[in-house]
Engineer: 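Here it is, the structure in full.
In this chain, residues are counted from 1 in sequence order.
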Amino acid sequence: MDQNGWSCSRIQKIITPYVVAIDFETTYSGYAFAIRKEFLKGNEKNIEKIYTVHWNAGALISDKTPTTLLLDKKQNFVSFGNEAESLYGKMSEEERTDHYYFHRFKMLLYDKDGNVKITRNTILKDIKDKEMLAIDVFAHSIRYLRDHFLMNFEKNNLDKAYLPLDGEITWVLTVPAIWDEPAKQFMEEAAEKAGIPKDFLMICLEPEAAAIFCKCLPIEKGVDCLNAMQPGRRFIVLDAGGDTIDMAIQEVTEDGKLQEIDRAQGGDWGGIFVDAQFKEMLEEIVSKPIFEAFRMKYTGDYIDLFRFFERKKRANPMSKRVHMLVPLSFLDISGEDIKDLTKAQGFEKDVTWKRDKIFIEHKNYKEFYNHVIDKIVFKVEEILVSKEAKGTDVILMVGGFSESDLLQKRIRESFPACKVIIPPECGLAVLKGAVIFGFDPNMIAARVVKYTYGVGTNTIFIEGTHPKSKKTLINGKNYCKDTFDVHVKKGKTVYIDETTDKTHYPIYEDQTSVNFRVFTCEQADPKYIDDEGCNEMGSLTVPMPDTNGGTNRKVKAKFKF
């Protein structure tokens, strides 16, 4: 993969006894797994045999653990998740200076416009702004989840007669559907660096995984889902995670498979941005420099503050006032009475303080959510009025953020003509669906191409048609250089393993190879490889050692999806 990214996605053909799915999110991460002989009984899929892990964080038990990584000063692994948070919180400031602490670092991949921009050389900053290669941070984290599965499986001895060995596990890594190909390739390479064999790794798009899970729910748990997934029905998958919101229109085919109707849309509007609104309010009260000083000097208390807030979010508070603990160091570092600062900034009607507790009026607490919920509602509305959504009257809500009562309420109120379905275990829908996908990737029949794909070629120059700037003399003939030879146009539905091919000819009689430069473009019908929105993915060299036939020799360029 170069800077632009060149990815070869694979549909797993190898049948393994185990499938392990890793859901690596901004806020929480985890894994689920199943054993083939338990999960598959004939043509039936027994989703009750998909296992997840319970993670402990004091009084809080969760199906996932915080996406938090702790490394020593030499960038060696120390701990991950709840343990990393606890260890770092107990360290002295001197010890913290000697460690790397990455918390919710996946969001650092996004630019100010909400797009993922990542290469092998992307740098991440930890909580104290120490730098490290992003691919190493991700590899450490994925390796921990991989190793945790292997150790946990052996410890519990779930299958006494058979423990998984190398080559006996299919690993599935989930990614947002709105991610581009270089970002997916980055995750593949990070997983390989973490010790997951390339040939046993699959990438699964999160909304597709969620739809698969809902389609496979047993009838006693998924009546609403099953009714919404009859052949010919279309529905919107609203996958609300901690970092991104993925939305995709899916349709059930006549043979019961799923196909994408329109390319996935969404943005970085996940639950983590509720925290950002809370942080912004505190910054307005004490000022940004003071809050930054609090983060740097009392890092453990800073972490605890947002752990308190996360617990409050997950409790879905509906009382008139929302209250939570605030570290005393936050109150002390401001240098002034916190009540006076609150009044001076005009928050006295919204926020009150009692010792080490903050009380937020519920209408103001709701505003933390409204900032991102407004964007989600707007995007759902935009999708529903599109021609692709014709006949769509079901919204399937999955993902951890979909457990929020405030988000559920707004979606129901905003779209009264739609049936809103929230399946059981909606926060685990992606993870468990990814396990099912690992056993049966052919449940996805087709996807919509996000970009136009093609190759750069030279064509015979036509006066009045081609621009003079593209005119070049090659082997005694005038050619138009940099022509974008389109293989598949943006927005086209392509079926799994569908191929397109075109025939090309060498320019020189003694030419012994042909180099194909592969391009994508955000435009549907680009003319030239340097048009706006075009990017080179990579190049492929095809050998042609037999020069018999001169320029009449044929070379086929084939794309397989």
Engineer: Return the CE to CZ distance between Met202 and Phe437, rounded to the nearest 0.5 Å.
Structural biologist: 4.0 Å
Engineer: Sequence neighbours excluded, which residues qualify as side chain to side chain contact (heavy atoms under 4.5 Å, CB included) partners of Thr174?
Structural biologist: Asp23, Glu206, Val430, Ala434
Engineer: Could you list the residues that satisfy side chain to side chain donor-acceptor pair (under 3.5 Å) with Arg104, not counting sequence neighbours?
Structural biologist: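 Partners of Arg104 by the side chain to side chain donor-acceptor pair (under 3.5 Å) criterion, ordered by chain and then number, come out as Asp275, Glu310.
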Engineer: May I have the step-by-step check of side chain to side chain contact (heavy atoms under 4.5 Å, CB included) for Ile376 and Met247, ending in yes or no?
Structural biologist: CA-CA 9 Å; Ile376 296 169; Met247 303 178 203; 3.8 Å; yes
Engineer: Please identify which of these residues, Asp126, Thr68, Thr27, Thr26, meets the side chain to side chain donor-acceptor pair (under 3.5 Å) condition with His103.
Structural biologist: Thr68
Engineer: Could you tell me the separation between the CD atom of Glu168 and the OG1 atom of Thr16, rounded to the nearest 0.5 Å?
Structural biologist: 8.5 Å
Engineer: Rounded to the nearest 0.5 Å, what separates atom CH2 in Trp179 from atom CZ in Phe186?
Structural biologist: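 One finds 7.5 Å between CH2 of Trp179 and CZ of Phe186.
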Engineer: So if I apply the ring pair (Phe, Tyr, Trp, His ring centres under 6.0 Å) rule between Phe33 and each of Tyr18, Phe149, Phe39, which one comes out positive?
Structural biologist: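 It is Phe149, the one option of Tyr18, Phe149, Phe39 that forms the ring pair (Phe, Tyr, Trp, His ring centres under 6.0 Å) with Phe33.
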Engineer: Tell me every residue that passes ring-ring contact (aromatic ring centres under 6.0 Å, His included) with Tyr528, counting only those two or more places apart in sequence or in another chain.
Structural biologist: none
Engineer: Under a 3.5 Å distance rule, please check whether Lys184 uses its side chain to pair with a backbone N or O of Leu205 as donor and acceptor.
Structural biologist: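 Looks like no, no N/O pair under 3.5 Å.
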Engineer: Ignoring hydrogens, what is the shortest heavy-atom contact between Thr493 and Ala446? Give both atom names and the distance.
Structural biologist: CG2-CB, 3.7 Å
Engineer: How about Thr253 and Asp255: does a side-chain donor come under 3.5 Å of a side-chain acceptor?
Structural biologist: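 Yes, a side-chain donor-acceptor pair sits under 3.5 Å.
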Engineer: With sequence neighbours excluded, what pairs up with Asn475 under the side chain to side chain donor-acceptor pair (under 3.5 Å) test?
Structural biologist: none
Engineer: Give a yes or no answer on whether the side chain of Arg143 reaches the backbone of Lys193 with a donor-acceptor pair at less than 3.5 Å.
Structural biologist: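 Yes.
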Engineer: Parallel, tilted or perpendicular: which one describes the rings of His466 and Phe461, with boundaries at 30° and 60°?
Structural biologist: tilted
Engineer: Mind jotting down which residue pairs meet the salt bridge (Lys or Arg N to Asp or Glu O under 4.0 Å) criterion with at least one end in residues 380-398? Sequence neighbours excluded, please.
Structural biologist: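 Sorted result for residues 380-398: Arg233-Asp393, Lys379-Glu382.
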Engineer: May I have all residue pairs that pass ring pair (Phe, Tyr, Trp, His ring centres under 6.0 Å) and include part of residues 492-517, sequence neighbours excluded?
Structural biologist: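 Applying ring pair (Phe, Tyr, Trp, His ring centres under 6.0 Å) to every pair that reaches into residues 492-517, excluding sequence neighbours, yields His504-Phe516.
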Engineer: State which residues pass side chain to side chain donor-acceptor pair (under 3.5 Å) with Thr244; sequence neighbours excluded, sorted by chain then number.
Structural biologist: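 For Thr244 there are no side chain to side chain donor-acceptor pair (under 3.5 Å) partners, ignoring immediate neighbours.
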Engineer: Among residues at least two apart in sequence or on other chains, which ones pass side chain to side chain contact (heavy atoms under 4.5 Å, CB included) with Asn458?
Structural biologist: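 Once residues adjacent in sequence are excluded, the partners of Asn458 under the side chain to side chain contact (heavy atoms under 4.5 Å, CB included) criterion are Ile474, Tyr479, Lys481, Ile507.
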Engineer: Give, for atom NZ of Lys558 and atom OG1 of Thr503, the distance between the pair rounded to the nearest 0.5 Å.
Structural biologist: 10.5 Å
Engineer: Measuring from Cys426:SG to Asp239:CG, what's the distance to the nearest 0.5 Å?
Structural biologist: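 Interatomic distance, Cys426 SG to Asp239 CG, rounded to 0.5 Å: 10.0 Å.
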Engineer: So, Thr457 and Thr483: side-chain donor and acceptor under 3.5 Å apart, yes or no?
Structural biologist: no
Engineer: Start with the C-alpha gap between Met537 and Gln185, add the side-chain angles, then the distance that decides, and say whether side chain to side chain contact (heavy atoms under 4.5 Å, CB included) holds.
Structural biologist: CA-CA 11 Å; Met537 296 183 72; Gln185 180 75 2; over 6 Å; no
Engineer: With salt bridge (Lys or Arg N to Asp or Glu O under 4.0 Å) as the rule and sequence neighbours excluded, what pairs involving residues 24-33 come up?
Structural biologist: Glu25-Lys64
Engineer: Lys490 and Thr452: which non-hydrogen atoms are nearest, and at how many Å?
Structural biologist: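 That would be N-OG1, 3.0 Å.
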Engineer: For Glu532, give me all partners under side chain to side chain contact (heavy atoms under 4.5 Å, CB included), at least two apart in sequence or on another chain.
Structural biologist: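 Scan of Glu532 (side chain to side chain contact (heavy atoms under 4.5 Å, CB included), adjacent residues dropped) gives Gln523.
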Engineer: Test side chain to side chain contact (heavy atoms under 4.5 Å, CB included) on Val377 and Phe415; report intermediate values, then the result.
Structural biologist: CA-CA 9 Å; Val377 169; Phe415 307 103; 4.0 Å; yes
Engineer: Quick one: are Lys450 and Asp180 in side-chain contact, heavy atoms under 4.5 Å?
Structural biologist: no
Engineer: Between Arg146 and Ile22 (side chain of the first, backbone of the second, donor and acceptor by atom type, cut-off under 3.5 Å), is there such a pair?
Structural biologist: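 Answer holds: no.
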Engineer: Test Val518 against Phe559 for side chain to side chain contact (heavy atoms under 4.5 Å, CB included), laying out the working first.
Structural biologist: CA-CA 10 Å; Val518 183; Phe559 280 63; 3.9 Å; yes
Engineer: What distance do Phe102 atom CZ and Leu69 atom CG have between them, rounded to the nearest 0.5 Å?
Structural biologist: 7.0 Å
Engineer: Check whether Gln259 reaches the backbone of Glu251 with its side chain - one donor and one acceptor, N or O, closer than 3.5 Å.
Structural biologist: no
Engineer: Testing the basics here: between Ile249 and Ser386, what is the closest heavy-atom pair and its distance to 0.1 Å?
Structural biologist: CD1-OG, 4.4 Å
Engineer: Please tell me whether His148 and Tyr144 form a close aromatic pair, meaning their ring centres lie under 6.0 Å apart.
Structural biologist: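 Ring centres of Tyr144 and His148 closer than 6.0 Å.
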Engineer: Please determine if Glu536 and Arg517 form a salt bridge, counting it only when a charged side-chain N lies under 4.0 Å from a carboxylate O.
Structural biologist: yes
Engineer: Show every salt bridge (Lys or Arg N to Asp or Glu O under 4.0 Å) that has at least one partner inside residues 459-479, sequence neighbours left out.
Structural biologist: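 Output for this query lists Glu463-Lys471, Lys470-Asp482, Lys470-Asp530.
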Engineer: Please confirm whether the backbone N or O of Glu509 pairs with a side-chain atom of Arg553, one donor and one acceptor, at under 3.5 Å?
Structural biologist: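 Such a contact is found between Arg553 side chain and Glu509 backbone.
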Engineer: Under the side chain to side chain contact (heavy atoms under 4.5 Å, CB included) test, which residues partner Pro231, sequence neighbours left out?
Structural biologist: Glu254
